Asks: 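Dumping the structure here so I can ask a few things about it.
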2 protein chains.
Amino acid sequence: MAKTEFSITCNLCEYLKDSLFNGLNPEDLEHINLHKTCIHYRKGQNLFYEGTRPMGLYCINGGKVKVFKNNVQGKEYIIYIAKPGDFLGYRALLSEEFYGATAQVLEDAKICFIPRDQFFSVLNRNPTFMRKVIKAVCHEMGIMEERLAELAHKSVRERLAANLLMLKETYGMEGEGSSLIDLALSREDLASIVGTATETVIRLLSEFKSDGLISFEGKKIRVIDPKKLAKQADLIVA
Amino acid sequence: MAKTEFSITCNLCEYLKDSLFNGLNPEDLEHINLHKTCIHYRKGQNLFYEGTRPMGLYCINGGKVKVFKNNVQGKEYIIYIAKPGDFLGYRALLSEEFYGATAQVLEDAKICFIPRDQFFSVLNRNPTFMRKVIKAVCHEMGIMEERLAELAHKSVRERLAANLLMLKETYGMEGEGSSLIDLALSREDLASIVGTATETVIRLLSEFKSDGLISFEGKKIRVIDPKKLAKQADLIVA
DNA sequence: AGCAAAACATGACTTTTGTCAGCCGAAAAA
DNA sequence: TTTTTCGGCTGACAAAAGTCATGTTTTGCT
(Lines give C-alpha, C1' and ligand atoms only; values in the text may rest on other atoms or scores of the structure.)
Protein backbone atom coordinates (compact mmCIF):
# COMPACT_ATOMS: atom_id res chain seq x y z
CA MET A 1 0.00 0.00 0.00
CA ALA A 2 3.04 2.25 0.28
CA LYS A 3 3.05 5.06 -2.25
CA THR A 4 5.96 4.50 -4.58
CA GLU A 5 7.60 7.27 -6.52
CA PHE A 6 8.28 7.14 -10.21
CA SER A 7 10.32 9.40 -12.38
CA ILE A 8 9.43 11.34 -15.48
CA THR A 9 10.53 14.59 -17.08
CA CYS A 10 7.85 17.15 -17.94
CA ASN A 11 9.18 18.10 -21.36
CA LEU A 12 9.25 14.45 -22.35
CA CYS A 13 5.81 13.69 -20.95
CA GLU A 14 3.62 12.11 -23.59
CA TYR A 15 0.63 14.15 -22.42
CA LEU A 16 2.36 17.51 -22.54
CA LYS A 17 0.99 18.34 -25.99
CA ASP A 18 -2.64 18.09 -24.78
CA SER A 19 -1.96 19.81 -21.51
CA LEU A 20 -2.28 23.38 -20.30
CA PHE A 21 1.50 23.38 -19.87
CA ASN A 22 1.97 22.98 -23.59
CA GLY A 23 3.58 26.11 -24.97
CA LEU A 24 5.05 27.12 -21.64
CA ASN A 25 8.59 28.40 -22.06
CA PRO A 26 11.34 25.84 -21.39
CA GLU A 27 12.69 27.50 -18.24
CA ASP A 28 9.30 27.57 -16.57
CA LEU A 29 8.52 24.02 -17.56
CA GLU A 30 11.86 23.00 -16.11
CA HIS A 31 11.03 24.91 -12.95
CA ILE A 32 7.84 22.87 -12.63
CA ASN A 33 9.73 19.72 -13.48
CA LEU A 34 12.33 20.21 -10.77
CA HIS A 35 9.79 20.79 -8.03
CA LYS A 36 7.22 18.14 -8.81
CA THR A 37 6.82 14.81 -7.05
CA CYS A 38 5.51 11.80 -8.94
CA ILE A 39 3.77 9.00 -7.11
CA HIS A 40 2.00 5.75 -7.89
CA TYR A 41 -1.49 5.49 -6.41
CA ARG A 42 -3.56 2.35 -6.04
CA LYS A 43 -7.26 2.08 -6.73
CA GLY A 44 -9.23 3.44 -3.79
CA GLN A 45 -6.59 5.87 -2.51
CA ASN A 46 -7.54 9.51 -2.10
CA LEU A 47 -5.64 12.44 -3.56
CA PHE A 48 -7.44 15.04 -1.51
CA TYR A 49 -10.54 15.50 0.59
CA GLU A 50 -13.47 17.88 0.45
CA GLY A 51 -13.05 20.64 3.02
CA THR A 52 -9.25 20.60 3.18
CA ARG A 53 -6.80 23.22 1.99
CA PRO A 54 -5.18 22.74 -1.41
CA MET A 55 -1.40 22.53 -1.25
CA GLY A 56 -0.78 22.22 -4.95
CA LEU A 57 -1.84 20.87 -8.25
CA TYR A 58 -2.19 17.26 -9.41
CA CYS A 59 -1.30 16.24 -12.93
CA ILE A 60 -2.45 12.79 -14.07
CA ASN A 61 0.11 10.75 -15.97
CA GLY A 62 -1.74 7.41 -15.91
CA GLY A 63 -4.93 5.84 -14.59
CA LYS A 64 -8.28 7.42 -13.80
CA VAL A 65 -9.45 9.53 -10.88
CA LYS A 66 -12.99 10.38 -9.85
CA VAL A 67 -13.82 13.74 -8.25
CA PHE A 68 -16.98 13.72 -6.19
CA LYS A 69 -18.99 15.44 -3.51
CA ASN A 70 -20.67 13.60 -0.66
CA ASN A 71 -24.13 14.62 0.42
CA VAL A 72 -25.53 14.44 3.94
CA GLN A 73 -26.49 10.79 3.62
CA GLY A 74 -23.07 9.93 2.25
CA LYS A 75 -24.27 9.54 -1.32
CA GLU A 76 -21.72 10.52 -3.93
CA TYR A 77 -22.17 12.85 -6.83
CA ILE A 78 -19.33 12.50 -9.33
CA ILE A 79 -18.39 15.88 -10.77
CA TYR A 80 -15.93 14.46 -13.17
CA ILE A 81 -13.50 11.72 -14.04
CA ALA A 82 -9.93 12.71 -14.78
CA LYS A 83 -7.73 10.89 -17.25
CA PRO A 84 -4.04 11.17 -18.17
CA GLY A 85 -3.18 14.71 -19.22
CA ASP A 86 -5.80 16.28 -16.95
CA PHE A 87 -5.12 18.60 -14.05
CA LEU A 88 -6.85 18.14 -10.73
CA GLY A 89 -7.44 20.49 -7.85
CA TYR A 90 -6.79 23.73 -9.71
CA ARG A 91 -10.27 25.06 -9.14
CA ALA A 92 -9.91 25.38 -5.35
CA LEU A 93 -6.27 26.36 -5.67
CA LEU A 94 -7.08 29.30 -7.93
CA SER A 95 -10.14 30.47 -6.04
CA GLU A 96 -8.11 30.21 -2.81
CA GLU A 97 -10.77 28.11 -1.12
CA PHE A 98 -10.92 24.68 0.47
CA TYR A 99 -11.46 21.73 -1.78
CA GLY A 100 -15.11 21.41 -2.69
CA ALA A 101 -14.81 17.76 -3.55
CA THR A 102 -12.84 14.58 -2.89
CA ALA A 103 -10.56 12.91 -5.44
CA GLN A 104 -10.25 9.13 -5.39
CA VAL A 105 -8.31 6.84 -7.70
CA LEU A 106 -10.57 4.64 -9.84
CA GLU A 107 -7.83 2.74 -11.68
CA ASP A 108 -4.22 2.51 -10.48
CA ALA A 109 -2.66 5.84 -11.33
CA LYS A 110 0.59 7.75 -11.81
CA ILE A 111 0.20 11.28 -10.60
CA CYS A 112 2.56 14.26 -10.34
CA PHE A 113 2.13 16.87 -7.64
CA ILE A 114 3.19 20.47 -8.21
CA PRO A 115 3.42 22.53 -5.02
CA ARG A 116 1.25 25.59 -4.80
CA ASP A 117 4.02 28.18 -4.70
CA GLN A 118 5.87 26.81 -7.70
CA PHE A 119 2.70 26.76 -9.74
CA PHE A 120 1.76 30.28 -8.72
CA SER A 121 5.18 31.70 -9.46
CA VAL A 122 5.05 30.30 -12.98
CA LEU A 123 1.47 31.50 -13.37
CA ASN A 124 2.25 35.00 -12.17
CA ARG A 125 5.11 35.62 -14.57
CA ASN A 126 3.28 34.33 -17.66
CA PRO A 127 0.27 36.38 -18.71
CA THR A 128 -0.11 34.18 -21.77
CA PHE A 129 -0.34 31.12 -19.58
CA MET A 130 -2.84 32.93 -17.39
CA ARG A 131 -4.99 33.65 -20.40
CA LYS A 132 -4.90 29.96 -21.29
CA VAL A 133 -5.94 29.06 -17.78
CA ILE A 134 -8.83 31.55 -17.85
CA LYS A 135 -9.95 30.21 -21.18
CA ALA A 136 -9.84 26.62 -19.98
CA VAL A 137 -11.71 27.37 -16.77
CA CYS A 138 -14.39 29.31 -18.61
CA HIS A 139 -14.78 26.47 -21.06
CA GLU A 140 -15.24 24.05 -18.15
CA MET A 141 -17.82 26.39 -16.73
CA GLY A 142 -19.80 26.25 -19.96
CA ILE A 143 -19.88 22.48 -19.64
CA MET A 144 -21.09 22.78 -16.07
CA GLU A 145 -23.94 25.02 -17.14
CA GLU A 146 -24.87 22.48 -19.76
CA ARG A 147 -24.95 19.70 -17.18
CA LEU A 148 -26.94 21.81 -14.78
CA ALA A 149 -29.68 22.36 -17.34
CA GLU A 150 -29.60 18.71 -18.30
CA LEU A 151 -29.95 17.59 -14.71
CA ALA A 152 -32.80 20.00 -14.17
CA HIS A 153 -34.97 18.98 -17.08
CA LYS A 154 -34.07 15.56 -18.40
CA SER A 155 -35.36 12.21 -17.17
CA VAL A 156 -32.99 9.63 -15.72
CA ARG A 157 -33.21 7.58 -18.90
CA GLU A 158 -32.22 10.58 -21.00
CA ARG A 159 -29.40 11.47 -18.66
CA LEU A 160 -28.03 7.95 -18.59
CA ALA A 161 -28.04 7.81 -22.39
CA ALA A 162 -26.41 11.24 -22.61
CA ASN A 163 -23.73 10.29 -20.10
CA LEU A 164 -22.93 7.05 -21.87
CA LEU A 165 -22.40 9.04 -25.05
CA MET A 166 -20.26 11.52 -23.19
CA LEU A 167 -18.14 8.74 -21.69
CA LYS A 168 -17.82 7.22 -25.14
CA GLU A 169 -16.51 10.53 -26.48
CA THR A 170 -13.96 10.83 -23.72
CA TYR A 171 -12.90 7.26 -23.05
CA GLY A 172 -14.08 5.47 -26.17
CA MET A 173 -11.78 3.01 -27.94
CA GLU A 174 -13.10 2.71 -31.45
CA GLY A 175 -13.72 -0.74 -32.88
CA GLU A 176 -15.56 -1.77 -36.03
CA GLY A 177 -18.84 0.10 -35.86
CA SER A 178 -18.86 0.21 -32.08
CA SER A 179 -16.71 1.65 -29.35
CA LEU A 180 -15.71 0.42 -25.94
CA ILE A 181 -15.82 2.78 -22.97
CA ASP A 182 -12.42 2.15 -21.46
CA LEU A 183 -13.39 2.73 -17.87
CA ALA A 184 -14.05 0.12 -15.20
CA LEU A 185 -17.04 1.85 -13.63
CA SER A 186 -19.29 0.17 -11.09
CA ARG A 187 -23.04 0.61 -11.48
CA GLU A 188 -22.89 2.63 -8.31
CA ASP A 189 -20.34 5.02 -9.81
CA LEU A 190 -22.40 5.33 -12.94
CA ALA A 191 -25.41 6.15 -10.78
CA SER A 192 -23.32 8.83 -9.05
CA ILE A 193 -22.50 10.36 -12.42
CA VAL A 194 -26.08 10.35 -13.66
CA GLY A 195 -27.49 11.43 -10.31
CA THR A 196 -29.84 8.56 -9.57
CA ALA A 197 -30.15 5.30 -7.63
CA THR A 198 -27.98 2.29 -8.45
CA GLU A 199 -31.00 0.06 -9.08
CA THR A 200 -32.37 2.49 -11.63
CA VAL A 201 -29.10 2.46 -13.54
CA ILE A 202 -29.04 -1.35 -13.52
CA ARG A 203 -32.58 -1.56 -14.86
CA LEU A 204 -32.02 1.02 -17.59
CA LEU A 205 -28.70 -0.49 -18.65
CA SER A 206 -30.30 -3.89 -19.15
CA GLU A 207 -33.07 -2.24 -21.15
CA PHE A 208 -30.50 -0.51 -23.33
CA LYS A 209 -28.74 -3.84 -23.68
CA SER A 210 -31.82 -5.80 -24.75
CA ASP A 211 -32.66 -2.99 -27.18
CA GLY A 212 -29.25 -3.52 -28.74
CA LEU A 213 -27.89 -0.07 -27.90
CA ILE A 214 -25.04 -1.31 -25.72
CA SER A 215 -23.38 -4.54 -24.61
CA PHE A 216 -21.28 -5.52 -21.61
CA GLU A 217 -17.67 -6.55 -21.93
CA GLY A 218 -16.29 -7.59 -18.57
CA LYS A 219 -16.69 -4.53 -16.35
CA LYS A 220 -16.87 -2.26 -19.34
CA ILE A 221 -19.65 -1.06 -21.58
CA ARG A 222 -19.58 -1.14 -25.35
CA VAL A 223 -21.68 1.40 -27.25
CA ILE A 224 -23.15 -0.41 -30.24
CA ASP A 225 -25.71 2.05 -31.53
CA PRO A 226 -24.78 5.64 -30.69
CA LYS A 227 -27.53 7.02 -32.93
CA LYS A 228 -30.32 5.24 -31.09
CA LEU A 229 -28.65 6.13 -27.82
CA ALA A 230 -28.70 9.77 -28.86
CA LYS A 231 -32.40 9.45 -29.55
CA GLN A 232 -32.87 8.20 -25.99
CA ALA A 233 -30.80 11.11 -24.72
CA ASP A 234 -32.84 13.79 -26.37
CA LEU A 235 -36.54 13.82 -26.49
CA ILE A 236 -38.48 10.97 -28.05
CA VAL A 237 -41.44 13.27 -28.50
CA ALA A 238 -39.91 14.93 -31.57
CA MET B 1 -39.64 50.46 -26.62
CA ALA B 2 -36.63 52.39 -27.92
CA LYS B 3 -33.47 51.81 -25.94
CA THR B 4 -32.47 55.05 -24.33
CA GLU B 5 -28.95 55.87 -23.31
CA PHE B 6 -27.96 57.14 -19.92
CA SER B 7 -24.70 58.54 -18.72
CA ILE B 8 -22.46 57.51 -15.86
CA THR B 9 -18.74 57.59 -15.11
CA CYS B 10 -17.08 54.33 -14.07
CA ASN B 11 -14.95 55.77 -11.28
CA LEU B 12 -18.04 57.35 -9.75
CA CYS B 13 -20.18 54.25 -10.14
CA GLU B 14 -21.71 53.27 -6.82
CA TYR B 15 -21.09 49.60 -7.57
CA LEU B 16 -17.43 49.94 -8.42
CA LYS B 17 -16.28 48.96 -4.95
CA ASP B 18 -18.00 45.53 -5.16
CA SER B 19 -16.99 44.97 -8.76
CA LEU B 20 -14.13 43.15 -10.43
CA PHE B 21 -13.00 46.54 -11.75
CA ASN B 22 -12.31 47.74 -8.24
CA GLY B 23 -8.58 48.27 -7.83
CA LEU B 24 -8.00 48.70 -11.54
CA ASN B 25 -5.55 51.54 -12.19
CA PRO B 26 -7.19 54.88 -13.06
CA GLU B 27 -5.97 54.99 -16.68
CA ASP B 28 -7.42 51.57 -17.48
CA LEU B 29 -10.68 52.34 -15.75
CA GLU B 30 -10.86 55.52 -17.77
CA HIS B 31 -10.16 53.53 -20.91
CA ILE B 32 -13.13 51.32 -20.11
CA ASN B 33 -15.18 54.37 -19.22
CA LEU B 34 -14.53 56.10 -22.53
CA HIS B 35 -15.50 53.11 -24.63
CA LYS B 36 -18.57 51.87 -22.83
CA THR B 37 -22.18 52.45 -23.88
CA CYS B 38 -24.89 52.67 -21.26
CA ILE B 39 -28.46 51.83 -22.11
CA HIS B 40 -31.84 51.54 -20.42
CA TYR B 41 -33.56 48.20 -20.94
CA ARG B 42 -37.20 47.39 -20.29
CA LYS B 43 -38.51 44.25 -18.67
CA GLY B 44 -38.59 41.44 -21.23
CA GLN B 45 -35.83 42.74 -23.49
CA ASN B 46 -32.93 40.46 -24.29
CA LEU B 47 -29.28 41.36 -23.83
CA PHE B 48 -27.96 38.40 -25.78
CA TYR B 49 -29.07 35.05 -27.12
CA GLU B 50 -27.82 31.51 -26.66
CA GLY B 51 -25.77 30.46 -29.68
CA THR B 52 -24.62 33.93 -30.74
CA ARG B 53 -21.15 35.41 -30.62
CA PRO B 54 -20.22 37.62 -27.67
CA MET B 55 -19.21 41.13 -28.72
CA GLY B 56 -18.40 42.40 -25.28
CA LEU B 57 -19.20 42.49 -21.64
CA TYR B 58 -22.32 43.71 -19.84
CA CYS B 59 -22.13 45.48 -16.52
CA ILE B 60 -25.37 45.89 -14.59
CA ASN B 61 -25.96 49.28 -13.05
CA GLY B 62 -29.60 48.84 -12.13
CA GLY B 63 -32.40 46.29 -12.35
CA LYS B 64 -32.25 42.50 -12.54
CA VAL B 65 -31.41 40.16 -15.41
CA LYS B 66 -32.03 36.43 -15.69
CA VAL B 67 -29.63 34.19 -17.57
CA PHE B 68 -31.17 30.95 -18.78
CA LYS B 69 -30.91 28.03 -21.14
CA ASN B 70 -33.83 26.70 -23.15
CA ASN B 71 -34.29 22.97 -23.52
CA VAL B 72 -35.77 21.19 -26.53
CA GLN B 73 -39.35 21.70 -25.37
CA GLY B 74 -38.65 25.37 -24.73
CA LYS B 75 -38.55 25.01 -20.96
CA GLU B 76 -36.19 27.41 -19.25
CA TYR B 77 -33.51 26.63 -16.74
CA ILE B 78 -32.29 29.79 -14.99
CA ILE B 79 -28.56 29.63 -14.40
CA TYR B 80 -28.47 32.81 -12.49
CA ILE B 81 -29.96 36.18 -11.78
CA ALA B 82 -27.73 39.19 -12.09
CA LYS B 83 -28.09 42.31 -9.98
CA PRO B 84 -26.37 45.72 -10.02
CA GLY B 85 -22.62 45.36 -9.81
CA ASP B 86 -22.57 42.01 -11.61
CA PHE B 87 -20.93 41.31 -14.95
CA LEU B 88 -22.73 39.33 -17.61
CA GLY B 89 -21.46 37.44 -20.60
CA TYR B 90 -17.84 37.17 -19.52
CA ARG B 91 -17.89 33.37 -19.47
CA ALA B 92 -18.39 32.96 -23.20
CA LEU B 93 -16.24 35.98 -23.95
CA LEU B 94 -13.26 34.53 -22.08
CA SER B 95 -13.66 30.99 -23.36
CA GLU B 96 -14.01 32.41 -26.88
CA GLU B 97 -17.20 30.46 -27.51
CA PHE B 98 -20.78 31.33 -28.43
CA TYR B 99 -23.12 32.32 -25.64
CA GLY B 100 -24.39 29.21 -23.85
CA ALA B 101 -27.42 31.00 -22.49
CA THR B 102 -29.82 33.87 -23.07
CA ALA B 103 -29.99 36.99 -20.91
CA GLN B 104 -33.35 38.67 -20.39
CA VAL B 105 -34.25 41.67 -18.29
CA LEU B 106 -36.49 40.80 -15.31
CA GLU B 107 -36.87 44.31 -13.91
CA ASP B 108 -36.19 47.49 -15.88
CA ALA B 109 -32.44 47.83 -16.02
CA LYS B 110 -29.52 50.17 -16.64
CA ILE B 111 -26.71 48.30 -18.30
CA CYS B 112 -23.28 49.31 -19.62
CA PHE B 113 -21.69 47.50 -22.52
CA ILE B 114 -17.91 47.23 -22.82
CA PRO B 115 -16.72 46.16 -26.28
CA ARG B 116 -14.70 42.99 -26.46
CA ASP B 117 -11.45 44.55 -27.65
CA GLN B 118 -11.38 47.25 -25.00
CA PHE B 119 -11.95 44.72 -22.27
CA PHE B 120 -9.30 42.37 -23.61
CA SER B 121 -6.70 45.09 -23.96
CA VAL B 122 -7.17 46.08 -20.34
CA LEU B 123 -7.15 42.44 -19.28
CA ASN B 124 -3.99 41.64 -21.22
CA ARG B 125 -1.93 44.42 -19.73
CA ASN B 126 -2.95 43.74 -16.12
CA PRO B 127 -1.80 40.41 -14.70
CA THR B 128 -3.19 41.39 -11.33
CA PHE B 129 -6.59 41.97 -12.85
CA MET B 130 -6.28 38.63 -14.66
CA ARG B 131 -5.60 36.90 -11.39
CA LYS B 132 -8.71 38.51 -9.94
CA VAL B 133 -10.72 37.30 -12.90
CA ILE B 134 -9.38 33.75 -12.55
CA LYS B 135 -10.17 33.78 -8.87
CA ALA B 136 -13.70 35.01 -9.45
CA VAL B 137 -14.40 32.50 -12.20
CA CYS B 138 -13.06 29.62 -10.12
CA HIS B 139 -15.19 30.72 -7.21
CA GLU B 140 -18.24 30.72 -9.48
CA MET B 141 -17.31 27.26 -10.60
CA GLY B 142 -17.29 26.02 -7.01
CA ILE B 143 -20.84 27.31 -6.67
CA MET B 144 -21.82 25.49 -9.85
CA GLU B 145 -20.44 22.22 -8.50
CA GLU B 146 -22.44 22.76 -5.36
CA ARG B 147 -25.62 23.29 -7.35
CA LEU B 148 -24.91 20.28 -9.51
CA ALA B 149 -24.68 18.00 -6.49
CA GLU B 150 -27.76 19.59 -4.98
CA LEU B 151 -29.76 19.08 -8.14
CA ALA B 152 -28.61 15.47 -8.35
CA HIS B 153 -29.57 14.38 -4.88
CA LYS B 154 -32.06 16.69 -3.27
CA SER B 155 -35.83 16.53 -3.58
CA VAL B 156 -37.78 19.40 -5.09
CA ARG B 157 -38.93 20.48 -1.64
CA GLU B 158 -35.35 20.65 -0.39
CA ARG B 159 -34.19 22.50 -3.48
CA LEU B 160 -36.98 25.05 -3.26
CA ALA B 161 -36.19 25.72 0.38
CA ALA B 162 -32.47 25.98 -0.39
CA ASN B 163 -33.09 28.36 -3.28
CA LEU B 164 -35.37 30.58 -1.22
CA LEU B 165 -32.60 30.87 1.35
CA MET B 166 -30.08 31.61 -1.37
CA LEU B 167 -32.33 34.31 -2.84
CA LYS B 168 -32.77 35.74 0.64
CA GLU B 169 -28.99 35.94 1.03
CA THR B 170 -28.55 37.71 -2.28
CA TYR B 171 -31.67 39.88 -2.58
CA GLY B 172 -32.91 40.00 0.97
CA MET B 173 -33.99 43.28 2.53
CA GLU B 174 -33.81 42.78 6.26
CA GLY B 175 -36.81 43.72 8.38
CA GLU B 176 -37.59 42.94 12.01
CA GLY B 177 -36.96 39.22 12.31
CA SER B 178 -37.80 38.53 8.70
CA SER B 179 -36.45 39.53 5.31
CA LEU B 180 -38.10 40.30 2.02
CA ILE B 181 -36.71 38.84 -1.18
CA ASP B 182 -36.55 41.95 -3.34
CA LEU B 183 -37.20 40.24 -6.64
CA ALA B 184 -40.46 40.15 -8.56
CA LEU B 185 -40.25 36.53 -9.65
CA SER B 186 -43.13 34.69 -11.25
CA ARG B 187 -43.86 31.16 -10.04
CA GLU B 188 -42.73 30.01 -13.44
CA ASP B 189 -39.35 31.70 -13.03
CA LEU B 190 -38.96 30.22 -9.58
CA ALA B 191 -39.70 26.80 -11.05
CA SER B 192 -37.02 27.44 -13.66
CA ILE B 193 -34.53 28.20 -10.91
CA VAL B 194 -35.38 25.13 -8.86
CA GLY B 195 -35.68 22.87 -11.89
CA THR B 196 -39.26 21.67 -11.54
CA ALA B 197 -42.81 22.27 -12.76
CA THR B 198 -44.66 25.49 -11.99
CA GLU B 199 -47.52 23.65 -10.28
CA THR B 200 -45.10 21.92 -7.92
CA VAL B 201 -43.60 25.25 -6.89
CA ILE B 202 -47.06 26.69 -6.27
CA ARG B 203 -48.05 23.75 -4.09
CA LEU B 204 -44.85 23.77 -2.06
CA LEU B 205 -44.91 27.54 -1.61
CA SER B 206 -48.41 27.40 -0.16
CA GLU B 207 -47.30 24.61 2.16
CA PHE B 208 -44.34 26.69 3.29
CA LYS B 209 -46.74 29.58 3.78
CA SER B 210 -49.26 27.65 5.88
CA ASP B 211 -46.36 26.26 7.93
CA GLY B 212 -45.37 29.85 8.66
CA LEU B 213 -41.98 29.68 6.94
CA ILE B 214 -42.74 32.38 4.39
CA SER B 215 -45.41 34.89 3.46
CA PHE B 216 -46.36 36.68 0.27
CA GLU B 217 -46.08 40.41 -0.12
CA GLY B 218 -47.40 41.48 -3.50
CA LYS B 219 -45.29 39.69 -6.07
CA LYS B 220 -42.54 39.14 -3.55
CA ILE B 221 -41.79 36.53 -0.92
CA ARG B 222 -40.91 37.23 2.67
CA VAL B 223 -38.81 34.71 4.56
CA ILE B 224 -40.21 34.51 8.08
CA ASP B 225 -38.45 31.49 9.52
CA PRO B 226 -35.07 30.88 7.88
CA LYS B 227 -34.17 28.22 10.46
CA LYS B 228 -37.13 26.02 9.68
CA LEU B 229 -36.58 26.69 6.00
CA ALA B 230 -33.02 25.47 6.40
CA LYS B 231 -34.35 22.32 8.00
CA GLN B 232 -36.52 21.76 4.93
CA ALA B 233 -33.51 22.37 2.73
CA ASP B 234 -31.32 19.79 4.35
CA LEU B 235 -32.47 16.42 5.40
CA ILE B 236 -35.23 15.96 7.91
CA VAL B 237 -34.00 12.43 8.62
CA ALA B 238 -31.06 13.70 10.67
C1' DA C 1 -9.99 -24.08 -3.39
C1' DG C 2 -13.08 -22.14 -0.21
C1' DC C 3 -15.18 -18.38 1.96
C1' DA C 4 -16.60 -13.69 2.79
C1' DA C 5 -17.62 -9.48 0.88
C1' DA C 6 -18.90 -6.73 -2.72
C1' DA C 7 -21.29 -5.96 -6.88
C1' DC C 8 -25.09 -7.01 -9.71
C1' DA C 9 -29.87 -8.10 -10.50
C1' DT C 10 -34.94 -8.34 -9.95
C1' DG C 11 -39.53 -7.92 -7.85
C1' DA C 12 -42.89 -5.46 -5.09
C1' DC C 13 -44.25 -1.45 -3.34
C1' DT C 14 -44.38 3.64 -2.10
C1' DT C 15 -43.49 8.23 -2.82
C1' DT C 16 -42.57 12.01 -5.49
C1' DT C 17 -43.30 14.64 -9.22
C1' DG C 18 -45.14 15.79 -13.68
C1' DT C 19 -49.18 16.42 -16.64
C1' DC C 20 -53.70 17.74 -17.85
C1' DA C 21 -57.87 20.11 -17.18
C1' DG C 22 -60.35 23.61 -15.44
C1' DC C 23 -61.24 27.79 -12.50
C1' DC C 24 -60.60 32.41 -10.71
C1' DG C 25 -58.99 37.08 -10.41
C1' DA C 26 -56.15 40.80 -11.73
C1' DA C 27 -54.01 43.30 -15.18
C1' DA C 28 -53.56 44.72 -19.89
C1' DA C 29 -55.47 45.65 -24.25
C1' DA C 30 -59.22 46.96 -27.17
C1' DT D 1 -65.85 49.66 -20.02
C1' DT D 2 -65.55 45.29 -21.76
C1' DT D 3 -62.91 41.65 -23.18
C1' DT D 4 -58.91 39.00 -23.40
C1' DT D 5 -54.91 37.24 -21.60
C1' DC D 6 -51.91 35.79 -18.17
C1' DG D 7 -50.55 34.31 -13.81
C1' DG D 8 -51.82 31.86 -9.91
C1' DC D 9 -54.22 27.99 -7.93
C1' DT D 10 -56.38 23.28 -7.22
C1' DG D 11 -57.76 18.48 -8.09
C1' DA D 12 -57.26 14.12 -10.30
C1' DC D 13 -54.47 11.12 -12.28
C1' DA D 14 -50.33 8.86 -14.42
C1' DA D 15 -45.67 8.12 -14.80
C1' DA D 16 -41.15 8.10 -13.07
C1' DA D 17 -38.04 6.98 -9.83
C1' DG D 18 -36.73 5.74 -5.14
C1' DT D 19 -36.67 2.24 -1.45
C1' DC D 20 -36.61 -2.19 0.54
C1' DA D 21 -36.06 -6.93 0.50
C1' DT D 22 -33.99 -10.75 -1.35
C1' DG D 23 -31.34 -13.63 -4.33
C1' DT D 24 -27.41 -14.45 -7.43
C1' DT D 25 -22.97 -13.83 -9.27
C1' DT D 26 -18.37 -12.16 -9.17
C1' DT D 27 -14.32 -10.84 -6.89
C1' DG D 28 -10.80 -10.79 -3.69
C1' DC D 29 -8.52 -12.85 -0.01
C1' DT D 30 -6.23 -16.41 2.86
Side-chain angles (χ1 to χ4, degrees), chain A residues 1 42-44 66 71-77 104 106-108 150-163 183-210 214-221 232-233 235-237, chain B residues 1 42-44 66 71-77 106-108 150-161 163 183-210 214-221 232-233 235-237:
Chain A
M1 209 52 166
R42 308 293 297 274
K43 177 179 171 154
K66 68 173 172 181
N71 77 351
V72 203
Q73 303 107 79
K75 238 176 161 181
E76 289 181 6
Y77 176 74
Q104 184 175 97
L106 269 185
E107 298 174 10
D108 291 3
E150 181 176 307
L151 211 43
H153 286 311
K154 286 193 173 181
S155 69
V156 173
R157 163 184 244 96
E158 292 170 318
R159 267 145 51 199
L160 177 60
N163 277 289
L183 238 190
L185 271 188
S186 69
R187 309 292 151 144
E188 195 178 354
D189 279 333
L190 196 47
S192 299
I193 293 174
V194 176
T196 186
T198 310
E199 293 93 326
T200 307
V201 163
I202 291 175
R203 280 183 244 269
L204 288 172
L205 279 183
S206 54
E207 268 190 57
F208 286 172
K209 185 186 166 186
S210 50
I214 60 172
S215 68
F216 303 146
E217 214 150 297
K219 302 250 88 180
K220 295 173 181 175
I221 294 173
Q232 294 284 324
L235 217 72
I236 312 102
V237 189
Chain B
M1 208 52 166
R42 307 294 296 273
K43 177 179 172 155
K66 67 172 172 181
N71 77 351
V72 204
Q73 302 108 77
K75 238 175 161 182
E76 288 182 8
Y77 176 75
L106 270 185
E107 299 174 8
D108 291 2
E150 180 176 308
L151 211 42
H153 287 311
K154 287 193 173 180
S155 69
V156 173
R157 165 183 244 96
E158 291 170 319
R159 268 146 50 201
L160 178 60
N163 276 290
L183 200 50
L185 271 188
S186 69
R187 308 290 146 130
E188 195 178 355
D189 280 331
L190 195 47
S192 299
I193 293 174
V194 175
T196 187
T198 310
E199 293 93 329
T200 306
V201 163
I202 291 174
R203 280 183 245 268
L204 288 172
L205 279 183
S206 53
E207 268 190 55
F208 286 171
K209 185 186 167 186
S210 48
I214 60 172
S215 68
F216 303 144
E217 214 150 296
K219 303 249 90 182
K220 294 174 183 176
I221 295 173
Q232 294 284 324
L235 217 71
I236 311 101
V237 188

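The sequence lines fix the lettering, A, B, ..., with proteins before strands; numbering per chain opens at 1. For clarity, every value in this text was computed on a predicted model and none was experimentally measured. Hydrogens, waters and symmetry mates are skipped; everything else that's a heavy atom, side chains included, is used.
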Asks: Report yes or no: does A/Arg159 contribute a side-chain atom to a donor-acceptor pair with the main-chain N or O of A/Val194 at less than 3.5 Å?
Replies: yes
Asks: Check for a donor-acceptor pair, side chain of B/Asp108 on one end and backbone N or O of B/Arg42 on the other, with a separation under 3.5 Å.
Replies: no
Asks: Could you check which of C/dC8, D/dG8, D/dG18 has an atom nearest any side-chain atom of A/Ser186?
Replies: C/dC8
Asks: Can you find a pair of side-chain heavy atoms, one from B/Ile193 and one from B/Leu185, that are under 4.5 Å apart?
Replies: yes
Asks: Taking CD1 from B/Ile202 and P from C/dT19, how many angstroms apart are they, rounded to a whole number?
Replies: 14 Å
Asks: May I ask you to verify if any side-chain N or O of B/Arg157 is less than 4.0 angstrom from the OP1 or OP2 atom of C/dT16?
Replies: no
Asks: Could you check how far NZ of A/Lys220 sits from P of C/dC8, rounded to whole Å?
Replies: 14 Å
Asks: So, does A/Lys219 get its side chain near the phosphate of C/dA7, meaning an N or O under 4.0 Å from OP1 or OP2?
Replies: no
Asks: So what does B/Thr198 hit on the nucleic acid, given a heavy-atom distance under 4.0 Å: a base, only sugar-phosphate, or nothing?
Replies: nothing
Asks: Could you tell me whether the phosphate oxygens of C/dT17, OP1 or OP2, come under 4.0 Å of any side-chain nitrogen or oxygen in B/Thr200?
Replies: no
Asks: Taking the nucleotide of DNA chain D with the closest heavy atom to each, which residue, B/Arg187 or A/Thr196, is nearer the 5' end?
Replies: B/Arg187
Asks: May I have the distance from B/Ile221 (atom CD1) to D/dG8 (atom C1'), rounded to whole angstrom?
Replies: 12 Å
Asks: Please tell me which of B/Val156 and A/Arg203 maps to the more 5' nucleotide of DNA chain C, matching each residue to the nucleotide holding its nearest heavy atom.
Replies: A/Arg203
Asks: Would you mind reading off the distance between A/Lys43 atom NZ and D/dG28 atom C1', rounded to a whole angstrom?
Replies: 11 Å
Asks: Check this for me: does the side-chain of A/Glu188 come within 3.5 Å of the base of C/dC8 through a donor and an acceptor?
Replies: no
Asks: Which nucleotide, D/dG8, C/dA21, C/dA9, lies nearest any side-chain atom of A/Phe216?
Replies: C/dA9
Asks: Distance check needed: C/dT15 C1' versus B/Leu204 CG, whole Å only.
Replies: 14 Å
Asks: To the nearest Å, how far apart are B/Lys154 NZ and C/dT17 C1'?
Replies: 18 Å
Asks: What heavy-atom pair brings B/Tyr77 and A/Ala152 nearest, and what distance separates the two atoms?
Replies: CD1-CB, 3.3 Å
Asks: On a plain distance test, is the side chain of B/Glu199 in donor-acceptor contact with the base of C/dC20 below 3.5 Å?
Replies: yes
